[in-house]
Asker: 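Right, I'll just put the structure down here and ask away after.
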There are 2 protein chains.
Amino acid sequence: MVEIQPKRPRDAQATRQALLDAAAALFAERGFERATVRDIAARAGVNQALLFRYFGSKKALFGEVLERNGREQLKATAPESLLEAALRGMLLADDGRLGDRSLEAFLRSTGGSDEVAATGRLLGDEYARVLAGLSDRQDSDLRADLVLSWLLGIGLMRVVVGKEPLASADPDEICELVLGAARTLLEGLAVPVPPPAP
Amino acid sequence: MVEIQPKRPRDAQATRQALLDAAAALFAERGFERATVRDIAARAGVNQALLFRYFGSKKALFGEVLERNGREQLKATAPESLLEAALRGMLLADDGRLGDRSLEAFLRSTGGSDEVAATGRLLGDEYARVLAGLSDRQDSDLRADLVLSWLLGIGLMRVVVGKEPLASADPDEICELVLGAARTLLEGLAVPVPPPAP
DNA sequence: TCCAAGTGTAAGCACGTGCTTACATAGAGC
DNA sequence: GCTCTATGTAAGCACGTGCTTACACTTGGA
């Protein structure tokens, strides 16, 4: 992801980025509450006081992590591919370090604090708006919310709860089942052909 | 729910029940981590030391709450009505004190600890088994997991995240959309006619 | 009546947490 | 070389947490 610089000894920008990366990983692994500022700073290899100097608070750091990663995917993928991209991203989140970790971070943190839920709501609104644009139904907003709910629910059961057989199921198989049903629900959503070569 | 006894002054059974009720409410409102043993004991009107005498630990108390409430619904409803019952229970959980609060408690606690997720997984297995029994497809277990995931996802978005328009949507409308799609997914699931007069 | 078990309580321990403060050190401009 | 600011660090504060301990009161049976 990030090019390794020849280690400029004192680089605020690099330190900030290291904290951001470490936070993204730890929030995804343990959720907001159980990821401590001490662990985040340790993984980034810096003193924890810097975390507060650069981000102000743990909550602000969480918000920045979630927003950055979320909007990245949102901006990078076309509307008609968003559902599949988001679903595949989450399905791949557990094996290897691929996939969208920010969704996992969100799922592991929702119960924690109201601010966390609020941050997620903002991002959810953007996702839902794009999804709703794919439908021409009267209640397209509600249908989009339901599709988005399904996506999160699958992530919840698969990566945080680890429910079998869902947790070990083949992503392709899941995609086929889910995208088919979601298309029916949205009606008029064009499910894209297998994704273009990267 | 519970009949108010003429207040037998020292009644271990009643105290235990009071703790169980208070815990169910607080876990649903705040999740496992943010519901403190002090608050639970205070709402039950007893000393917090009793909580540990009767249940051993906070985690054990959580497990007992979740198990009791979950299995209650599971035992009380016929398989072909389970999906709708669980969905309606969750949709009603926010307004008033109706609905199944244990699902809400679970949703607000998943990220917290691994044991919590494990407790939920056990219950989820039972729900999924019943749901899978309604389908005669080859991969009915996976399909049941997906339906269950949807249910939890909807709860997550509606009651803990508060995503609009889902959060304020009419339960009947949601049921119609979801049950239709779920029936298609399970194929062969008989969606019951509007529920019998209560 | 008296004792033992059952039920309840006040106080505190040990620990982890987010966050702050006081201080060290490196690097750029003069 | 000197200073001044940006960057980094060690130590600790204040607080909330789950859980324990030592003790008081009630009750029922002998």
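Lettering of chains follows the sequences in order, A, B, ..., and the numbering in each one begins at 1.
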Asker: Does the side chain of B/Leu61 reach to within under 4.5 Å of the side chain of B/Ile40, using non-hydrogen atoms?
Answerer: yes
Asker: To the nearest 0.5 Å, what is the distance between CD on B/Gln48 and OG1 on B/Thr36?
Answerer: 8.5 Å
Asker: Where along nucleotides 13-24 of chain C does protein come under 4.0 Å, by heavy atom, of base (B) or sugar-phosphate alone (S), with - for untouched nucleotides?
Answerer: ----BBBBB---
Asker: Say whether A/Leu122 and A/Leu151 are linked into one hydrophobic cluster, either directly or through other cluster members, by side-chain heavy-atom distances under 4.5 angstrom.
Answerer: no
Asker: Taking the side chain as C-beta and beyond, is there a heavy-atom pair between B/Arg34 and B/Arg108 under 4.5 Å?
Answerer: no
Asker: Kindly indicate whether the side chain of A/Arg16, heavy atoms from C-beta on, has any atom under 4.5 Å from the side chain of A/Leu50.
Answerer: no
Asker: So, does A/Tyr54 get its side chain near the phosphate of D/dA6, meaning an N or O under 4.0 Å from OP1 or OP2?
Answerer: no
Asker: Provide, to the nearest angstrom, the distance between the CD atom belonging to B/Gln13 and the P atom belonging to D/dT27.
Answerer: 18 Å
Asker: Working to the nearest 0.5 Å, report the span between CG of A/Leu152 and CD1 of B/Ile154.
Answerer: 11.5 Å
Asker: For A/Asp11 and D/dA6, what is the distance between atoms CG and C1' respectively, to the nearest whole Å?
Answerer: 12 Å
Asker: With a 4.0 Å cut-off on heavy atoms, is A/Phe55 in touch with a base, just the backbone sugar-phosphate, or nothing at all?
Answerer: nothing
Asker: Looking at D/dT7, C/dG8, D/dG8, which one has an atom nearest to any side-chain atom of A/Thr15?
Answerer: D/dG8
